[in-house]
Amino acid sequence: MKLNDAVFGLLLLALAAAVLVITASYPMVPAQRVGPALFPSLIAVGLAVGGLILIARGWRIRAQVPLIRFDPWVRSPRHVAGVLAVIGSVVFYVAAVDRLGFLLTSFVILTVLFRMFGVGWKRTVITSAIATLAIHFAFYKLLRVPLPWGFLTPYAW
């Protein structure tokens with residue numbers, strides 16, 4: 001799927017507006033002229049400028065490049081199912097991780113995705129287990145990101 005630059009420009013403009021609206025509610029720090037909203041607001045202004053440039057460029061070339069053009073893979077049920085599976089895995093993670101914990105949720109997601117994309121069972125199980133443990137170690141131990149344990153809380157290390 002190909003998108004005209006104007007579409008991406010509109011998305012950047014919407015993101016910039018959302019950031020500006022959110023940062024407007026940040027509190028000011030007493031006795032300082034610079035508050036916590038300064039840098040996010042500057043980034044939002046940069047996004048807005050970039051978005052406007054993309055919109056102008058996309059509008060200029062709209063005759064040669066349509067706003068949205070679908071590639072042949074969009075008509076393939078297997079490819080569309082793969083895209084939906086990846087999006088569904090993110091939704092499943094958000095919905096299940098607090099109850100099941102990171103270890104089980106990640107293992108299930110990786111196993112389903114590997115199998116869906118044609119990886120054999122033995123390689124799927126081994127790779128899912130190793131990847132889950134490696135990601136857990138990197139985030140939980142090295143980066144100190146508190147990952148949920150779910151029902152495995154009594155066994156947390």
Side-chain angles (χ1 to χ4, degrees), residues 1-27 29 34-51 53-54 58 67-157:
M1 180 165 65
K2 305 279 186 200
L3 298 175
N4 186 308
D5 283 348
V7 175
F8 285 114
L10 285 172
L11 292 173
L12 281 179
L13 209 54
L15 176 63
V19 170
L20 286 173
V21 166
I22 291 170
T23 58
S25 66
Y26 286 3
V29 178
V34 176
L38 177 67
F39 289 113
S41 297
L42 289 175
I43 292 170
V45 169
L47 288 172
V49 169
I53 291 169
L54 284 174
L67 289 180
I68 298 174
R69 183 182 51 156
F70 293 104
D71 290 336
W73 72 264
V74 177
R75 293 186 253 325
S76 165
R78 185 176 136 261
H79 289 97
V80 172
V83 169
L84 294 176
V86 171
I87 294 169
S89 69
V90 173
V91 172
F92 173 73
Y93 180 87
V94 170
V97 74
D98 287 332
R99 280 180 245 114
L100 299 178
F102 175 81
L103 292 172
L104 184 59
T105 305
S106 175
F107 182 78
V108 167
I109 288 172
L110 289 174
T111 301
V112 168
L113 289 177
F114 283 147
R115 286 299 298 153
M116 183 157 200
F117 294 124
V119 180
W121 271 109
K122 182 178 178 184
R123 185 173 286 167
T124 291
V125 172
I126 292 170
T127 306
S128 294
I130 291 172
T132 295
L133 292 173
I135 293 167
H136 186 272
F137 175 77
F139 280 87
Y140 193 76
K141 292 292 186 183
L142 298 178
L143 298 173
R144 304 221 182 263
V145 174
L147 297 173
W149 284 92
F151 68 88
L152 295 174
T153 301
Y155 307 104
W157 56 77

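Worth saying up front: this structure is predicted, and the values here are computed from it rather than measured.
- In this structure, Leu67 CG and Leu10 CG are separated by 9.0 Å, a value rounded to the nearest 0.5 Å.
- The CG atom of Leu104 sits 10.0 Å away from atom CD1 of Ile109, with the distance rounded to the nearest 0.5 Å.
- Within a 6.0 Å sphere centred on CZ of Phe151, other residues, nucleotides and ligands contribute more than 12 heavy atoms.
- In this structure, CG on Leu47 lies 9.0 Å from CG on Leu20, to the nearest 0.5 angstrom.
- Residues Ser41 and Val19 have side chains not in contact (no heavy-atom distance under 4.5 Å, counting atoms from C-beta outward).
- Screening residues 104-118 for side-chain hydrogen bond (donor to acceptor under 3.5 Å, both in side chains) gives Ser106-Thr132, Thr111-Ser128 as the qualifying pairs, with residues at least two apart or on separate chains.
- For the pair Asp71 (side chain) and Trp73 (backbone), a donor-acceptor distance under 3.5 Å is absent.
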Query - Evaluation steps, side chain to side chain contact (heavy atoms under 4.5 Å, CB included), between Phe92 and Leu100 - result: CA-CA 11 Å; Phe92 173 73; Leu100 299 178; 4.0 Å; yes

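- Of all heavy-atom pairs between Gly9 and Leu54, the closest is CA-CB, 3.7 Å.
- Remark: Leu3 CG to Leu11 CG distance equals 8.0 Å, nearest 0.5 Å.
- In plain terms, the two heavy atoms of Ser89 and Val86 that are nearest each other are OG-O, 2.6 Å.
- Taking each heavy atom of Thr153 and Gly150 in turn, the nearest pair found is OG1-O, 2.6 Å.
- For the atom pair CZ of Phe8 and CG of Leu13, the computed distance is 15.0 Å after rounding to the nearest 0.5 Å.
- The minimum heavy-atom distance linking Leu12 with Gly50 is given by the pair CD1-C, 4.4 Å.
- Counting non-hydrogen atoms of other residues, nucleotides and ligands closer than 6.0 Å to CZ of Phe139 gives a total of 12 or fewer.
- Taking CH2 from Trp157 and CG from Leu152, the interatomic distance works out to 8.0 Å, rounded to the nearest 0.5 Å.
- Contact record, Tyr140 with Trp149: OH-NE1, 3.2 Å, taken as the closest heavy-atom pair.
- At a threshold of 4.5 Å between non-hydrogen side-chain atoms, the residues Leu103 and Leu133 count as touching.
- Taking the six-membered ring for Trp and thresholds of 30 and 60 degrees, Phe102 and His136 have ring planes inclined between 30 and 60 degrees apart.
- The minimum heavy-atom distance linking Leu142 with Ala138 is given by the pair CB-O, 3.2 Å.
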